[in-house]
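Since we're looking at a predicted model, the values are computed, not measured.
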Amino acid sequence: MAGLRLSWTCAHSNPESSRSKFLSRFTAESSFRCTWTRLLLFRTSVSSSARRKLCIRNVANDQQKEMKERVNGEVVDDCDTFFPDSESIAASIKYHSEFTPSFSPEGFGLSKAFYATAESVRDLLIINWNATYNYYEKMNVKQAYYLSMEFLQGRALLNAIGNLELSGAYADALRMLGCNLEEVAQQESDAALGNGGLGRLASCFLDSLATLNYPAWGYGLRYKYGLFKQLITKDGQEEVAENWLEMGNPWEIPRNDISYPVKFYGEVISGADGSKQWVGGENVTAVAYDVPIPGYKTKTTINLRLWSTKVAPEQFDLNSFNVGDHANAYAAIKKAEKICYVLYPGDESLEGKTLRLKQQYTLCSASLQDIVARFERRSGESVDWENFPEKVAVQMNDTHPTLCIPELIRILMDVKGLSWKEAWDITRRTVAYTNHTVLPEALEKWSFPLMQELFPRHVQIIEMIDKELIHSIIAQYGTKDLELLQQKLKQMRILENFELPDSVMELLVKSAEEPAVDLVEEAESIDEESLPDKEDESEDKVTVNKVDASFKVDPKHPRMIRMANLSVVGGHAVNGVAEIHSEIVRTEVFNDFYELWPEKFQNKTNGVTPRRWIRFCNPDLSKIITKWTGTEHWVTDTEKLAILRKVKLFADNEDLQSMWKEARRRNKLKVVSFLEEKTGYLVSPDAMFDVQIKRIHEYKRQLLNILGVVYRYKQMKEMTLEEREAKFVPRVCIFGGKAFSTYVQAKRIVKFIVDVGATVNNDSDIGDLLKVVFVPDYNVSVAEVLIPGSDLSQHISTAGMEASGTSNMKFAMNGCILIGTLDGANVEIREEVGEDNFFLFGARAHEIAGLRKERAEGKFVPDPRFEEVKDFVRSGVFGPHNYEELMGSLEGNEGFGRADYFLVGKDFPSYIECQERVDEAYRDQKRWTKMSILNTAGSYKFSSDRTIHEYARDIWKISPLLLS
């Protein structure tokens, strides 16, 4: 490579050069050909090596011994083997810019540089991906599959080259080409595959699974338009479609040879032997797109398989098109494609509900067909289905993939010929469920008629599962106390507002007539054929009427299918995602199930990957941590962060404090530039950066935050300049997050924040003492800028309503101080960082029900300061918009959208008093810096690596598989 000369540049700064012809090819064409011959030989040698002896070399490791490999009959000496140094990387980037073109050949602008660079990185990932895949196939160990409707990945370039330990080499290569790595990386769009913490957790888990060498894959959907791109205007939030796939996704690998049929509607027919077949209906095809997920400093590269939907070309009606009926001509195509258009389509209409269910089933059906095919292939000629749970673990990330349970049973029974008993047992041993919420609307209940229309076979199976559950409940509680039994069945059944099956009614009638009946024996597992049959009524009308009266249904209420109950019943494990959340799951949300099956319930506190969330997004602080802990191993073993807890050696050390403050100031300067670019507001880096960035929801209480800001502003306006400066620390209050497009109240909150900012930021009396900024289109890349530069982070949900939260962990890991309630992971974070280093306020979870009851009884007396703030808002100081609906939601004692359900008024006085303590602490910068260091030290527990180890050990029963 010594003769290699690069004579072309990245033409982004000069418009003239950006239009110029792509500059010269390599002057040493022989060197160019030699480079790529070596690369191709290297790929072949790796592939051959993987097949022969599974001795897979890490492409990022330059500490390789000399070796010789025979490739296509020729000996290739190791001195000629391709290693990705900066020159060879530059050659690879140039190759892709010319031969894998997404752009015209005339220029080499930043966008083109990004795609060529990403494709160069992908080459390296595919080598390790193929090696990992082949090793899994050969070893045939148990593999975990993580099914999630969301994967909020963020940008992939810097994360990938960081994990490959090639950041420096790629920076040098791009510099040789006249480009800057950071500027090139900023051209990447965030993958629009998620929205909030659910999807970000899933992506952190994939990073940890790869880094820890666990055999696992992720499964999701490939959304063309994402959730939406958020625009902030004078009217608040506006939504437009995401365009992340407009220029193509360089990270994905279409697998056109991997596709599966997915069916909706139709009917179920019975065979002479009692077998069932689901026939007819609407058929689509799910096609696989693979995204390689590299581990950190490891060869393991796992897979995120995303499904896109289509139909066969024959379903394009050419005759209709030619006669001008164009809409009808491509109706089937559009109907199939729209399944993967948008994440969480609005579900207030029947069409929206139908589309949501189609999405969920597509994820479940395609993924399970793929998993079953892989199990059969790895099993060889002799497939032992009893061994399926010993090779496969399926984790459902919330209730969205719940249809996995009846779908796996359907495949095992109707396609593979297993009995009900066998299929039910296998499924329960394979599937596990993570609960992420206590909110009733998020536990998912679907209309029985809609489910029956869309999935007739699955509803039959769900009815069978429900009947099994009923018998388990009867076996546990008996029939003497019909009131208790009725209560348990009402709470626990999968089918809501349904009559009991006739066979169960007969059992209850029989037990009423013969108290000594052996209920356990009577409640043995059922056969499928017994489900739909109707029996004659008992001759004992009195007994029947008594039982009927105890278990009657309400004809006015709809019949529903409870997906959360199905998830609990159909799996072998149920976990919450923080200690307090898991306790609420056991004692409140699923208490009846916990009493029946206590062994199922576990806690797995969430975690975040320290690679993306500190090592790569906060390199300045990472270098300091490495210097003072004496090792970089903290990136994969965050327990080593705990050494910083030694106060005298570290947190109080003046040298460390000085370096820490300087690193944090550099991060704040980046935030200043970012905010000016995105919002036009210029803020002072000397102010406290007070941040709340998360999905907009009433329970997360952005409304409490902004009302606190309004109270601060009102106080300032009533003071002289000297009084303001003496009382208040300068603050920049930063908000970010998306309100769901049909969530009216959440959108009102966004509008209110924007209006407050427009008023406060233009008030010359206030100046830099207070700024309010709403950052549009919050996503992972925005978080990677804001989190390292934040001083205070707000996690202020109504106690008992946030399952865990993960942004709290990211902020703490980066040395940001938290203000919050005792909710979700806040509880554990406070325990680890120390009570003095966490600003606590608000009601406790066990008090919430009583406080709501007190409100309903008209006994709540609001704080005068809270009333002042509402009056101030209504005075019109923030513009002509009518905030009556928003303020009215905080008033009254009952009624939908009234009565302050989320206790903003109750916690308001505690909140503003806590904020006064924040001001006091921030004035003492030495104390604040010490608190910051101790927050980073205390975050050691909240790595997703720890969480994944616990899932692997306790739920999935899988072990690391290290390529060698």
Side-chain angles (χ1 to χ4, degrees), residues 162 167 296 607-672 685-691 729 784-793 808-819 828-839 917-943 945-946:
S167 299
Y296 179 72
V608 300
T609 169
R611 269 76 62 185
R612 181 179 290 272
W613 290 113
I614 183 167
R615 175 63 180 84
F616 301 145
C617 78
N618 198 344
D620 288 343
L621 199 65
S622 296
K623 291 174 184 176
I624 294 171
I625 293 171
T626 298
K627 173 182 173 62
W628 286 82
T629 60
T631 179
E632 201 179 37
H633 292 164
W634 63 267
V635 180
T636 51
D637 180 10
T638 52
E639 294 276 348
K640 297 189 183 303
L641 292 175
I643 194 175
L644 298 175
R645 284 172 154 177
K646 296 180 179 179
V647 175
K648 291 185 179 179
L649 288 177
F650 298 103
D652 279 337
N653 186 287
E654 291 186 1
D655 291 336
L656 174 56
Q657 284 210 359
S658 176
M659 295 171 68
W660 198 273
K661 286 170 63 177
E662 181 57 33
R664 291 190 56 77
R665 182 170 179 82
R666 286 195 293 270
N667 289 331
K668 291 180 73 171
L669 289 171
K670 293 178 183 177
V671 173
V672 170
D686 297 322
M688 179 200 301
F689 286 5
D690 176 353
V691 181
V729 165
E784 288 172 340
V785 176
L786 295 182
I787 290 174
S790 299
D791 295 304
L792 181 74
S793 179
N808 45 8
M809 302 171 183
K810 298 162 195 165
F811 279 101
M813 194 173 280
N814 282 272
C816 181
I817 319 303
L818 308 188
I819 179 173
E828 293 159 78
I829 291 173
R830 182 169 177 263
E831 289 174 356
E832 297 299 332
V833 305
E835 294 181 5
D836 293 338
N837 304 306
F838 184 106
F839 293 103
R917 299 198 300 273
V918 172
D919 277 6
E920 180 185 352
Y922 192 75
R923 285 192 181 93
D924 184 349
Q925 279 294 294
K926 184 173 182 180
R927 175 190 171 191
W928 191 271
T929 304
K930 176 180 176 180
M931 293 171 70
S932 175
I933 294 170
L934 291 174
N935 265 264
T936 296
S939 68
Y940 75 94
K941 179 182 175 182
F942 304 105
S943 166
D945 295 352
R946 171 200 53 79

Report the distance from atom [atom1] of [X] to atom [atom2] of [Y], rounding to the nearest 0.5 Å.
| X | Y | atom1 | atom2 | result |
| --- | --- | --- | --- | --- |
| Phe616 | Ser622 | CZ | OG | 9.0 Å |
| Leu792 | Met931 | CG | CE | 9.0 Å |
| Met813 | Ile787 | CE | CD1 | 10.5 Å |
| Asn935 | Leu644 | CG | CG | 12.0 Å |
| Lys661 | Leu656 | NZ | CG | 12.0 Å |
| Ile624 | Thr629 | CD1 | OG1 | 11.5 Å |

[X] and [Y]: which non-hydrogen atoms are nearest, and at how many Å?
| X | Y | answer |
| --- | --- | --- |
| Glu828 | Lys941 | OE1-NZ, 3.5 Å |
| Asp655 | Asn653 | N-OD1, 2.9 Å |
| Ser932 | Ile817 | N-CD1, 3.5 Å |
| Pro788 | Cys617 | CG-O, 3.6 Å |
| Asn814 | Thr936 | C-OG1, 3.8 Å |
| Ala812 | Ser939 | C-CB, 4.1 Å |

Donor-acceptor under 3.5 Å ([X] side chain, [Y] main chain):
| X | Y | value |
| --- | --- | --- |
| Asn667 | Asn618 | no |
| Lys810 | Trp613 | no |
| Asp637 | His633 | no |
| Lys926 | Glu654 | no |

*Return each pair, listed once, that meets salt bridge (Lys or Arg N to Asp or Glu O under 4.0 Å) where at least one residue sits in residues 615-627; pairs must be two or more places apart or across chains.*
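Every salt bridge (Lys or Arg N to Asp or Glu O under 4.0 Å) pair that includes a residue of residues 615-627, provided the two are not neighbours, is Arg615-Glu632, Asp620-Arg666.
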*Go through the steps to decide whether Asp945 and Thr638 satisfy the test side-chain contact (heavy atoms from CB on, under 4.5 Å), and finish with yes or no.*
CA-CA 9 Å; Asp945 295 352; Thr638 52; 6.0 Å; no
_Counting only heavy atoms not in Glu920 (residues, nucleotides, ligands), do more than 12 fall under 6.0 Å from its CD?_
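Atom CD in Glu920 is not packed in, count stays at 12 or less.
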*asked:* As a quick check of understanding, evaluate side-chain contact (heavy atoms from CB on, under 4.5 Å) for Ile625 and Ile614, giving each step before the final call.
replied: CA-CA 10 Å; Ile625 293 171; Ile614 183 167; 3.6 Å; yes
*Criterion side-chain contact (heavy atoms from CB on, under 4.5 Å) on Thr609 and Tyr296, from CA distance to verdict*: CA-CA 11 Å; Thr609 169; Tyr296 179 72; over 6 Å; no
*Starting from the C-alpha separation in whole Å, work towards a yes-or-no answer on side-chain contact (heavy atoms from CB on, under 4.5 Å) for Phe942 and Val608.*
CA-CA 6 Å; Phe942 304 105; Val608 300; 5.6 Å; no
*Listed by chain and number, what are the side-chain hydrogen bond (donor to acceptor under 3.5 Å, both in side chains) partners of Glu832, not counting sequence neighbours?*
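Arg645, Tyr940.
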*Pairwise side-chain contact, Asp686 with Arg665, heavy-atom cut-off 4.5 Å (strictly under)*: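 Asp686 reaches Arg665 side chain to side chain.
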_Check: Val672 and Phe689 side chains under 4.5 Å, non-hydrogen atoms_ =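 Side-chain contact under 4.5 Å: yes.
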*Got a sec, which residues hit side-chain contact (heavy atoms from CB on, under 4.5 Å) with Lys646, two or more places apart in sequence or on another chain?*
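For Lys646, the residues satisfying side-chain contact (heavy atoms from CB on, under 4.5 Å) (neighbours in sequence not counted) are Ile643, Leu649, Phe650.
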*Do Asp791 and Arg664 meet the salt-bridge criterion of a basic N to acidic O distance under 4.0 Å?*
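Here Arg664 pairs with Asp791 in a salt bridge, since their nearest N and O are under 4.0 Å apart.
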